[in-house]
Trainee: 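Attaching a single structure in structure tokens format; questions to follow.
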Number of protein chains: 2
Amino acid sequence: MVDQVRRFNRIVTERVGALDDHFLGGERPLGEARLLWEIGLGGCELRRLRARLGLDSGYTSRLLHSLEADGLVKVSAGREDRRVRVASLTPAGRHERAALDRRSDELARSLLAPLGSGQRERLLTAMHDVERLLSAGAAQITGVDPEHPDAQYCLSEYVAELNRRSERGFDPSVGATALPHEVRPPAGEFFVVYLHGEPVGCGAVKHHPDAPAEIKRMWIAPSVRGLGLGRRLLERLEACARDGGARIAHIETSSVLVEAIALYRRTGWVEVHAFNDEPFADLWLEKALG
Amino acid sequence: MVDQVRRFNRIVTERVGALDDHFLGGERPLGEARLLWEIGLGGCELRRLRARLGLDSGYTSRLLHSLEADGLVKVSAGREDRRVRVASLTPAGRHERAALDRRSDELARSLLAPLGSGQRERLLTAMHDVERLLSAGAAQITGVDPEHPDAQYCLSEYVAELNRRSERGFDPSVGATALPHEVRPPAGEFFVVYLHGEPVGCGAVKHHPDAPAEIKRMWIAPSVRGLGLGRRLLERLEACARDGGARIAHIETSSVLVEAIALYRRTGWVEVHAFNDEPFADLWLEKALG
DNA sequence: CAGGTTCTCTGACTAAAGTCAGAGAATGTC
DNA sequence: GACATTCTCTGACTTTAGTCAGAGAACCTG
């Protein structure tokens, strides 16, 4: 297994990485080119640039000066906070960035060129899989305030999906609720799954002293299903319930959520009698927390 | 399409490339680490090292000196030719190389770690596909003397495979032959397909003035089938026949070679009456060369 | 054995990449 | 308004990476 991964790493850094450097670099040193690219068309704060590229602040400053001297970039003070500075591209800078873009396209095409259409198809599918699964590894699950915009976004998507999938509308304010104060420490906790900084899933735990903890509002964005994020999220939620002192966890759910139910069953959840009267639910599950 | 490739390149250079550098690098600068690795357990000639890593001779010399100063490498004169020098690892060098190995393994494991077994499986399959198809792009088809060891190797594999596949033995010296002088310029040409410097396929053309050219001995190693190398080789052979003045090309083949026949049919070859009495053949094909 | 080749090394460079310790301005906090 | 914090810049570095022009030894060819 590890061997396969290493062979892959080798080929890919050779064929893609090395070429990438030369293609992208072109005239300009790599550092500058990457920076130019990363600034993007809309401009970008220096601290974000540094964070994304992992650069020293002095170094970044110098690189930007060099780009500014070439007339590609303009650095100006931020409007809200005048300590943070914002880099933005001049027309010449946009032009150069477009050239980088073209070279990147060429590189991509050069990888596809020697293949027939069948092989191309297969390569693209395989690349898609690798990309999704590798980035799944970079997903992060963090506790977040239930009223944070990312949490709210996930919740609204969750509700929208429930309504899309089932005949009867779902109203989160009726039945077994998960109001902000119920899923905020110390009463409970709300988690968001982030992928590349974007929220792509959520889940919450409601602690009940001396009674089973409840797991609620578990949702994974359709675009990232099949990457194992649901499993990881559920593990995290169970751990949270266990850390809160519960020996047993409860989930009530609806049979329209087939993927989620499959996951629950796979991971040791068993069906039990209804333990509440959530009108939307038609399946009640329970798990003993190791 | 190009977008998919670019997304892939981005993720992969980020997740694999960047990590790779730090993992591999460790204490030692990347250049030295790569060199140390590439020397291998059995030692290696400097010129091969340079060729494989694409380094300047002066630079290589200096890197090796630095490794030698650290007691990891010993450079000595070659035994056959004392101009070429051979680098080999000391016990300490082998030790350090093993550490690189371990780090590389760790990197690979860190990519797999966050995934469940199902995802792992899929990632590995996808990586395998990407690896094969990307490296297929790097394959090279070159004209080679039919008595060159690589050509001889391919021919023997070709004959072995025919014998393995069919009931009656195949004797290349009987029937429609392809003797060295018949497939060596100017009478014809012999091609070898190279992948990472290894011969993985062959094919030959026999020119006949004012008569159809013959395509012979076409073979692709089983390990690299499905990568489109056969198609590329056939294109090259047809081009060679056309450049030799032929308007029509002939192939005689055996129905046991199903993959090859599928390729021929896909690319415009049509069945015709037997145009020779090759005892082993049972299918005769022809194509008009654009 | 003379003369050309091949292979490697040395010295003398340059450019890119990156680090670190302050200095200085803008902002938040008590 | 004093004080700490945040964010960026400057100057003074180091380390990698890489290039180029010879010099010199070993080898091959006639």
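Each chain gets a letter, A, B and so on, in the order its sequence line appears, and its residues count up from 1.
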Trainee: If you look only at distance, which donor and acceptor atoms sit under 3.5 Å apart when one is on a side chain in residues 51-65 of chain A and the other is two or more places apart or in another chain?
Mentor:
unit_1, atom_1, unit_2, atom_2, d
A/Arg52, NH1, A/Glu38, OE2, 2.8
A/Asp56, OD2, A/Gly58, N, 2.8
A/Asp56, OD2, A/Tyr59, N, 3.1
A/Thr60, OG1, A/Asp56, O, 2.6
A/His65, ND1, A/Ser61, O, 2.9

Trainee: Output yes when a side-chain donor or acceptor of A/Asp70 lies under 3.5 Å from a complementary backbone atom of A/Leu72, and no otherwise.
Mentor: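 Absent.
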Trainee: Given 3.5 Å as the limit, does a donor-acceptor pair link the side chain of B/Arg217 with the main chain of B/Ala204, or not?
Mentor: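 Flag not set: sc B/Arg217 to bb B/Ala204 has no pair under 3.5 Å.
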Trainee: Please check if the side chain of B/Gln152 supplies one atom and the backbone of B/Pro146 the other of a donor-acceptor pair under 3.5 Å.
Mentor: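 Yes, B/Gln152 side chain to B/Pro146 backbone: donor-acceptor pair under 3.5 Å.
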Trainee: Taking A/Arg120 for its side chain and A/Leu115 for its backbone only, find out whether a donor-acceptor pair lies under 3.5 Å.
Mentor: yes
Trainee: Residues from residues 38-52 of chain B sitting under 4.0 Å of DNA chain C, heavy atoms only?
Mentor: B/Leu46, B/Arg47, B/Arg50
Trainee: Quickly work out the B/Asp81 CG to D/dT29 P distance and round it to whole Å.
Mentor: 12 Å
Trainee: If you restrict it to nitrogen or oxygen atoms, what contacts under 3.5 Å exist between nucleotides 15-25 of chain D and the protein, and what is each distance?
Mentor:
unit_1, atom_1, unit_2, atom_2, d
D/dA17, OP1, B/Gly31, N, 3.4
D/dA17, OP2, B/Gly31, N, 3.4

Trainee: Do A/Glu182 side-chain atoms and A/Leu179 backbone N/O form a donor-acceptor pair below 3.5 Å?
Mentor: yes
Trainee: Are any side-chain N or O atoms of A/Ser104 and backbone N or O atoms of A/Asp101, one a donor and one an acceptor, separated by less than 3.5 Å?
Mentor: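 No.
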Trainee: Quick one, which residues of residues 65-80 of chain A touch DNA chain D with a heavy atom under 4.0 Å?
Mentor: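 Heavy-atom cutoff 4.0 Å gives A/His65.
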Trainee: Any side chain to side chain donor-acceptor pair (under 3.5 Å) pairs touching residues 89-99 of chain A, not counting sequence neighbours?
Mentor: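 Qualifying pairs: A/Arg28-A/Glu96.
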Trainee: Donor-acceptor pair, distance only, cut-off 3.5 Å: does the side chain of B/Glu147 make one with the backbone of B/Pro180?
Mentor: no
Trainee: Which donor-acceptor pairs under 3.5 Å do the side chains of residues 129-142 of chain B make with protein atoms, sequence neighbours left out?
Mentor:
unit_1, atom_1, unit_2, atom_2, d
B/Glu131, OE1, A/Gln4, NE2, 2.9
B/Arg132, NH1, B/Ser223, O, 2.9
B/Arg132, NH2, B/Arg225, O, 2.9
B/Ser135, OG, B/Glu131, O, 2.9
B/Ser135, OG, B/Arg132, O, 3.1

